[in-house]
Amino acid sequence: MTVFAAQLFREVRPDFFRVLAGPLARLYVDALDALEREASHRNQGLDRAEALALVEQVVEQHEDLADASDELVSAEATNRERARAVLDTLRAAGWLQEEERSDWQKLMFFDPSGTVLLQALRRIAFPEAAVFSDKLVNVCATLSRGGEVNLDALHEEPWAQVETCVANLQAGLAELRGMQKSIERHTKQQLAATSLKENLALLYDQFAERIGRTCYAHLVHARLPTKLSETQRALENLSSHAELLTKMQSEVMRREPALSPETAMARVRLRINELEEMLQQIEPLADTIDRRMAEFARRSQARFRYLQETTSENRARVQTFFETLNQNFSG
């Protein structure tokens, strides 16, 4: 972890993440979002005046933060002054790079590291329904043929294929976890539903369409349990397949000449172990998704009955109220 932190802060300044916290975090995030979206369409950079105008629009949308405690943006400042302070803060933190041309024009460019982080923040803010792809199925097809090592797929470049399988497994597991998160999010929304219309919309328009008929249906049709057991047997055979192991060892040493044969072989075996460990994670995760699906269905039904009973009870009370009025105040 120490190596990771050292490398990270060689790439970005310590203040890079500071703008994402504090009383004005919402203002800074919206300003970054507006600047990055506009900069993505400008290969030649943003004129500073244009960038300032964009930030000023964001500041106007966050007038509720005018009294927030921040030494850079005082409560007495105008929106233009606040926008200039925000822009200077983002530039000093490393999110923006400023370049002055020979004609005294100042251009601003969005930092590539900032683009990467902002894209991640957008995915957190606007989570999309996970779509189960064929990544896991492709891994099984690459490594196994009926439980035996798929020599046709691995014969030419076994190390490149193994590396690709590792990447696909990581992505596939992330998709499964995303699917699980989506089900949990819909379950919470269902529990918070306050009307039958909302309850049914969540069940049929959102959940069934985004998860039930897409990612979950593909997961079931993929018949993963059978394919996973065959792939695990194939990996066991691969671990003792001397010819393929030697080829992978040679490829690792070609890419990194400084490695000794022993270290290269250790790296190969480590990769195969990683494949085995990730394969073992898939089935329990798929089982968890099955349980989450069942839980969502059960909670949706319970919420529907509760709302139905509540609505019927309220309707009966209103009817009783008007009947009483008619009896006591006829005409």
Note to self: Can you see whether Arg291 engages Thr288 through a side-chain donor-acceptor pair at a distance of less than 3.5 angstrom?
What the structure shows: yes
Next item on the list: Verify the cluster assignment for Val268 and Met253: are they in a single hydrophobic cluster under the rule of side-chain heavy atoms below 4.5 Å apart?
Entry: no
Next item on the list: With the side chain counted from C-beta on, respond yes when Met248 and Ile272 share a heavy-atom pair under 4.5 Å apart, and no when they do not.
Entry: yes
Next item on the list: Can you measure from SG (Cys140) to CG (Leu228) and round to the nearest 0.5 angstrom?
Entry: 5.0 Å
Next item on the list: Rounded to the nearest 0.5 Å, what's the gap from CE on Met265 to CD on Gln249? Could you check?
Entry: 4.0 Å
Note to self: Working to the nearest 0.5 angstrom, can you tell me the gap between Leu35 CG and Leu87 CG?
What the structure shows: 6.5 Å
Check: Would a distance-only check, ignoring hydrogens and angles, find a side-chain to backbone donor-acceptor pair under 3.5 Å from Arg269 to Ser239?
Finding: yes
Check: Taking a hydrophobic cluster as the set of Ile, Leu, Val, Met, Phe, Trp and Tyr residues connected by side-chain heavy atoms closer than 4.5 Å, whether directly or through intermediates, do Leu107 and Leu46 fall within one such cluster?
Finding: no
Item checked: salt_bridge(Glu230, Lys227) N-O dist < 4.0 Å -> no
Notebook entry, point to check: Is it true that Arg82 and Asp88 have a side-chain N and a carboxylate O under 4.0 angstrom from each other?
Noted result: no
Next item on the list: Mind listing the closest non-hydrogen atom pair of Leu90 and Tyr28 along with its distance?
Entry: CD2-CD2, 4.0 Å
Item checked: Pairs touching residues 250-303 that satisfy ring pair (Phe, Tyr, Trp, His ring centres under 6.0 Å), sequence neighbours left out -> Phe207-Phe296
Checklist line | Leu32 vs Phe110, side-chain contact (heavy atoms from CB on, under 4.5 Å): CA-CA, chis, key distance, verdict | finding: CA-CA 9 Å; Leu32 288 169; Phe110 208 88; 3.9 Å; yes
Notebook entry, point to check: So, for His155 and Leu244, which heavy atoms are closest and what is the spacing to 0.1 Å?
Noted result: CA-CD2, 4.4 Å
Item checked: Residue pair Asn237, Glu148: steps toward the side-chain contact (heavy atoms from CB on, under 4.5 Å) verdict -> CA-CA 7 Å; Asn237 295 332; Glu148 299 296 328; 3.4 Å; yes
Note to self: With rounding to the nearest 0.5 angstrom, report the NE2 to CG distance, His62 to Asp30.
What the structure shows: 3.5 Å
Note to self: For Arg254, is there an ion pair with Glu251 - N to carboxylate O distance below 4.0 angstrom?
What the structure shows: yes
Item checked: Donor-acceptor side-chain pairing of Arg177 and Gln281 below 3.5 angstrom -> yes
Note to self: In the structure I gave you, are the side-chain heavy atoms of Arg292 and Lys181 within less than 4.5 Å of one another anywhere?
What the structure shows: no
Check: Would you find more than 12 non-hydrogen atoms of other residues, nucleotides or ligands less than 6.0 Å from Arg305 atom CZ?
Finding: no
Checklist line | Inter- and intrachain pairs under salt bridge (charged side-chain N to carboxylate O under 4.0 Å, His left out), touching residues 233-243, at least two apart | finding: none
Margin query: I'd like to know if the side chain of Gln57 and the backbone of Leu54 have a donor-acceptor N/O pair within less than 3.5 Å.
Written below: no
Check: Regarding Asp111 and Gln97, is there a side-chain donor-to-acceptor distance under 3.5 Å anywhere?
Finding: yes
Notebook entry, point to check: Is the closest basic N to carboxylate O distance between Arg267 and Glu256 below 4.0 Å?
Noted result: yes
Next item on the list: Enter the distance from Ile289:CD1 to Glu184:CD here, rounded to the nearest 0.5 Å.
Entry: 10.0 Å
Review item, side-chain donor-acceptor pairs of residues 160-168, under 3.5 Å, at least two apart:
{"unit_1": "Glu163", "atom_1": "OE1", "unit_2": "Arg271", "atom_2": "NE", "d": "2.4"}
{"unit_1": "Glu163", "atom_1": "OE1", "unit_2": "Arg271", "atom_2": "NH2", "d": "3.3"}
{"unit_1": "Thr164", "atom_1": "OG1", "unit_2": "Ala160", "atom_2": "O", "d": "2.9"}

Check: Which pair of non-hydrogen atoms, one from Ala83 and one from Leu52, has the smallest distance, and what is that distance?
Finding: C-CD1, 3.7 Å
Checklist line | Short N-O contact, Glu99 and Lys106, less than 4.0 angstrom | finding: no
Check: Less than 4.5 Å apart, any side-chain heavy atom of Glu276 and any of Gln232?
Finding: no
Next item on the list: Carefully, step by step, assess Lys188 and Leu191 under the rule side-chain contact (heavy atoms from CB on, under 4.5 Å).
Entry: CA-CA 5 Å; Lys188 290 179 181 178; Leu191 291 175; 5.7 Å; no
Next item on the list: Check each of Leu275, Val149, Asn150 against Leu143 using the side-chain contact (heavy atoms from CB on, under 4.5 Å) test, and report the only one that passes.
Entry: Leu275
Note to self: Less than 4.5 Å apart, side chain to side chain, heavy atoms only: is that true for Val252 and Trp159?
What the structure shows: yes
Next item on the list: Measure from the side-chain N and O atoms of Ser144 to the backbone N and O of Ala141, and report whether any donor-acceptor pair falls under 3.5 Å.
Entry: no
Check: Which heavy atom in Lys135 sits nearest to a heavy atom in Gly172, and how many Å separate them?
Finding: CD-N, 4.1 Å
Next item on the list: Return the minimal non-hydrogen interatomic distance between Ser300 and Gln190, and the atom names on each side.
Entry: OG-NE2, 3.1 Å
Notebook entry, point to check: Just by distance, do the side chain of Glu50 and the backbone of Asp47 share a donor-acceptor pair under 3.5 Å?
Noted result: yes
Item checked: Test log, rule side-chain contact (heavy atoms from CB on, under 4.5 Å), inputs Leu8 and Phe17 -> CA-CA 11 Å; Leu8 176 63; Phe17 300 101; 4.2 Å; yes
Next item on the list: Give the minimum heavy-atom separation between Ala51 and Met108, together with the two atoms involved.
Entry: CB-SD, 4.1 Å
Check: Do the side chains of Val29 and Val58 join up, straight or via other hydrophobic residues, at under 4.5 Å, putting them in one cluster?
Finding: yes
Item checked: CG on Leu118 to CZ on Arg123, rounded to 0.5 Å -> 10.5 Å
Notebook entry, point to check: Would you say the side chain of Asp15 lies within less than 4.5 Å of the side chain of Arg18, judging by non-hydrogen atoms?
Noted result: yes
Check: Within a radius of less than 6.0 Å around CD of Glu156, do more than 12 heavy atoms belonging to other residues, nucleotides or ligands occur?
Finding: no
Margin query: Counting C-beta onward and ignoring hydrogens, is there a side-chain heavy-atom pair between Phe9 and Phe4 closer than 4.5 Å?
Written below: no
Next item on the list: Starting from the C-alpha separation in whole Å, work towards a yes-or-no answer on salt bridge (Lys or Arg N to Asp or Glu O under 4.0 Å) for Arg84 and Glu81.
Entry: CA-CA 5 Å; Arg84 187 175 292 108; Glu81 292 170 336; 5.9 Å; no
Check: Any side-chain heavy atom of Phe16 within less than 4.5 Å of one from Leu117?
Finding: yes
Check: Less than 4.5 Å apart, any side-chain heavy atom of Arg122 and any of Asp33?
Finding: yes
Check: Do Thr187 side-chain atoms and Ile183 backbone N/O form a donor-acceptor pair below 3.5 Å?
Finding: yes
